[in-house]
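Remarks on the structure that follows.
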Protein chains: 2
Amino acid sequence: MKNDPFRASFDSLEEFADMVSEVLHCPITIEDANHRLLAYSTHDDRTDPARIATIIGRRVPEKVINSLWKEGVIPSLLNSREPVRVKTVDEIGLGNRVAVSIWKNDEVLGFIWALEIEKTLGDEEMDCLKRAADATKNKLIQLQNRKNKKEEQYQEFFWQLLTSHLSSNEEIINKFHALQISPPTLFGVAVFQFSKELGREDEKQIAYLLKTIQLPKILLHTIDHQQLILFIALDGNQQPVNKLNAFCELFVVKMKERFGIESIVQGYSSVYCDLGKVEKAYKEARTVLSVKRKFPSEATEIHGYQSLGIYKYIDVLIEKAGTDQNENYSLKRLQEYDKKNNTDLVETLEVFLNKDSNVHEAANALNVHTNTLNYRLKRISEIGEINLKDPNQKISLYLDLKLEKFKK
Amino acid sequence: MKNDPFRASFDSLEEFADMVSEVLHCPITIEDANHRLLAYSTHDDRTDPARIATIIGRRVPEKVINSLWKEGVIPSLLNSREPVRVKTVDEIGLGNRVAVSIWKNDEVLGFIWALEIEKTLGDEEMDCLKRAADATKNKLIQLQNRKNKKEEQYQEFFWQLLTSHLSSNEEIINKFHALQISPPTLFGVAVFQFSKELGREDEKQIAYLLKTIQLPKILLHTIDHQQLILFIALDGNQQPVNKLNAFCELFVVKMKERFGIESIVQGYSSVYCDLGKVEKAYKEARTVLSVKRKFPSEATEIHGYQSLGIYKYIDVLIEKAGTDQNENYSLKRLQEYDKKNNTDLVETLEVFLNKDSNVHEAANALNVHTNTLNYRLKRISEIGEINLKDPNQKISLYLDLKLEKFKK
DNA sequence: ATTCTATTTGTGGAATTACACAAATCGTTC
DNA sequence: GAACGATTTGTGTAATTCCACAAATAGAAT
């Protein structure tokens with residue numbers, strides 16, 4: 001192969017994919033950096049399930065991406081300009097193939113995949129693939145520019161939603177259509193707080209992760225200092241809240257797994273259908289974060305606004321309790337007793353309430369025998385004159401315990 | 001008996017009691033209208049346990065009063081000027097005796113008791129007793145006047161306490177001593193709301209009842225339109241709150257039993273030791289009443305401020321929820337489901353939460369099988385995406401349910 | 001009328017919880 | 001150190017709750 005066949009100009013990426021396919025005698029797929037399908041060769045109809053799924057869905061299936069990360073394929077593609085060979089992974093229908101990344105300066109713009117259906121590519125063909133990657137560079141830069149412009153429009157629109165800048169729902173829906181996003185009938189807003197200001201590089205990694213997670217659909221996302229804000233479509237989910245919750249958990253795990261970014265604090269809103277409530281949802285998600293800041297140990301497990309319980313109203317409660325010089329007789333008695341007798345009745349009570357009055361769980365959390373806990377609860381009832389079967393009394397105590405905790 | 005021996009003037013009631021005792025040959029006791037001991041004869045040492053207890057305690061024991069009411073003795077003494085005979089009631093150590101009431105116009109000022117230790121009083125002696133009663137009238141009027149003046153001082157002091165008019169605790173304690181009340185180390189304030197304005201007559205009945213209830217000590221009481229306000233000493237009680245609660249229940253029962261006054265609404269404060277907190281306690285008791293007004297069915301069982309639970313803060317919560325346009329996704333879903341399928345999931349959830357997550361009790365309250373309730377709870381979890389083991393979620397729901405109820 | 005699904009109720013066994021009692025432990029007081 | 005009371009833990013049994021399954025019922029859709 002003396003002349004580089006890829007020197008010639010080409011009109012579309014499809015045309016180019018076909019050309020490469022013909023040169024290498026194997027099916028070719030071209031993706032962008034987020035594993036969205038850009039083009040695929042059609043002159044060769046031999047293929048494998050992973051490729052079919054990619055073409056049908058216009059993107060690489062999530063489980064395939066996960067597998068490629070686990071196998072170390074994607075990391076090495078992101079690190080090196082050399083082609084990488086992938087061995088068959090039957091579970092996800094991935095046949096043997098070779099991939100190469102497409103570079104612009106120090107940035108990966110996309111990937112070219114060559115399926116090794118019958119034959120294995122030799123060194124020379126590998127080199128050819130590498131040159132093919134270089135040849136697509138300009139085309140991808142153009143695409144990226146176009147996408148960047150669109151991305152800017154998205155950003156602007158998202159901030160308009162977040163600040164309730166658009167008044168009527170009709171206006172919002174029109175804007176969605178203008179940006180070629182189908183407006184969700186059910187949505188939530190999630191906010192992730194990072195431990196540092198998010199830079200250009202982080203942004204790219206995040207965008208990559210968001211694009212590759214396929215469900216739920218992240219319709220819009222933006223970054224505000226240390227916070228990542230997501231607008232998430234939850235249409236068609238039987239249990240949208242659970243889906244949202246699962247996603248947020250997953251996102252945090254993946255960020256750590258893939259990019260080693262830790263200590264992300266998550267918060268998400270209620271689920272709404274009214275598109276006029278994006279700002280409200282945004283506020284809710286931030287309320288969750290603010291509660292976590294105020295009650296680090298209590299609220300680590302709480303991510304959703306609907307799980308906030310009493311903390312939803314913690315601000316006004318603190319205020320009210322402050323002006324009223326709140327003082328709980330039962331707690332006072334228990335504290336006095338604790339002090340005098342070196343016991344932990346107050347803590348016991350709190351853990352018991354935290355654990356939804358479940359003796360077993362509370363005993364475990366306290367590292368004591370169940371009978372010990374029962375004994376303590378009996379004492380708590382007596383000393384504090386508390387009826388632990390009365391939900392109102394329990395709420396009072398729970399509340400006052402948390403309020404007191406906040407004062408310190 | 002031609003000459004009325006009681007015509008002669010006498011210096012003290014004690015002297016008079018001895019005189020009557022000598023004429024009738026039996027021990028004599030003189031009480032005021034509230035069964036406080038005014039005087040007793042000492043020349044005759046035959047007596048019975050009830051009389052001993054009365055003299056020791058300077059008042060008729062509560063159980064004796066209760067018994068005399070049940071037997072109809074006191075009602076007839078209050079209705080008629082004729083002497084009444086009481087047969088032995090062994091359980092309370094009450095021997096045979098005769099009583100007569102002391103009248104001023106249409107008002108009973110007190111009673112004279114004559115014990116029939118060995119002999120039974122004949123008609124003539126009964127008549128003699130009646131004349132004796134008449135002879136004490138003036139003495140009792142004097143006592144009453146003195147007491148009225150003291151009562152006025154009490155009233156003024158109580159209102160000073162209720163309005164935090166006295167600044168230092170020292171000042172308060174001095175005032176207590178000046179009025180010959182020993183200041184309590186532990187106290188509570190109870191407010192009873194009657195269904196009508198309280199008149200002179202009601203006031204007397206109430207005062208009577210309060211004086212005859214011996215524990216806890218009602219140190220001060222006053223009436224404000226439809227409300228009776230009590231200042232209650234709780235010193236020495238192991239469980240002051242329970243004592244206070246028991247008293248309030250008892251008071252309502254007695255008012256109905258004795259005077260047929262129904263539909264009294266009760267509310268009582270926390271227990272405090274700081275005498276500067278009387279006003280706060282008063283406010284708490286009124287808060288209970290106001291919650292009962294707002295949530296008639298929810299709060300009928302709640303009497304004490306410490307049992308108010310979330311209702312303690314209901315005002316600020318309502319306000320906050322109002323401005324925030326609060327909307328609970330789970331409840332919304334459940335309501336929609338209820339409407340569409342004619343089910344009662346929301347009500348089921350509420351009862352379940354009211355009953356402190358006790359399946360058995362909630363099933364009873366709803367008149368359904370336990371399994372039915374369990375099935376519904378499972379559906380509630382699914383449809384509302386609720387984790388019923390999470391106390392925060394439960395509190396959220398409880399709160400939002402009550403807030404919604406209030407809006408209607 | 002029939003089919004379907006959602007709901008209600010019943011049954012029985014496994015799992016969990018409640019409770020009483022005894023022994024051990026620990027700190028305090030005398 | 002003896003005695004005491006409060007606390008912790010262990011043991012066993014009774015009571016209750018949980019759960020799975022089946023049958024009966026009701027209501028809606030076809």
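Only heavy atoms go into these numbers, but all of them, side chains included; no hydrogens, no water, no symmetry mates. In what follows, every chain begins at residue 1, and chains take the letters A, B, ... in the order their sequences are listed.
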Test side-chain hydrogen bond (donor to acceptor under 3.5 Å, both in side chains) applied to A:Y311 and B:N392, step by step: CA-CA 8 Å; A:Y311 297 108; B:N392 284 315; 5.2 Å; no
Tell me, which pairs form a salt bridge (Lys or Arg N to Asp or Glu O under 4.0 Å) where one or both residues lie in residues 295-312 of chain B, sequence neighbours left out? A:D400-B:K312, B:E298-B:K402, B:E298-B:K405
For the pair A:E257 and A:K254, evaluate salt bridge (Lys or Arg N to Asp or Glu O under 4.0 Å) and give the outcome as yes or no after the intermediate values. CA-CA 5 Å; A:E257 233 174 69; A:K254 291 256 155 150; 5.2 Å; no
Earliest and latest nucleotide of DNA chain C, 5' to 3', sitting under 4.0 Å from a non-hydrogen atom of chain B? C:dA6 to C:dT11
Of residues 360-390 of chain A, the positions that come close to DNA chain C - non-hydrogen atoms, cut-off under 4.0 Å: A:H360, A:N371
Does any residue of residues 339-359 of chain A have a heavy atom under 4.0 Å from DNA chain C, and if so, which ones, in number order? A:N358, A:V359
Stepwise side-chain hydrogen bond (donor to acceptor under 3.5 Å, both in side chains) test for B:S270 and B:Q306: CA-CA 6 Å; B:S270 299; B:Q306 84 159 355; over 6 Å; no
Mind checking the CD1-CD1 spacing from A:I310 to A:I395? Nearest 0.5 Å is all I need. 7.0 Å
With a 4.5 Å heavy-atom cut-off, do B:Y313 and A:N326 have their side chains touching? yes
Show every ring-ring contact (aromatic ring centres under 6.0 Å, His included) that has at least one partner inside residues 388-408 of chain B, sequence neighbours left out. B:F295-B:F406
Is it true that A:E336 and A:K339 have a side-chain N and a carboxylate O under 4.0 angstrom from each other? no
Look up atom NZ in A:K394 and atom CG in A:L397, then write down how far apart they are to the nearest 0.5 Å. 10.0 Å
Tabulate atom names and distances for all N/O pairs under 3.5 angstrom spanning the protein and nucleotides 26-30 of chain D.
none

Can we say A:E327 and B:K277 salt-bridge, meaning some charged N sits less than 4.0 Å from an Asp/Glu carboxylate O? yes
When you compare the side chain of A:I380 with that of A:L377, does any pair of heavy atoms fall below 4.5 Å? yes
Side-chain H-bond candidate by donor/acceptor type, B:H360 with B:K355, under 3.5 Å: no
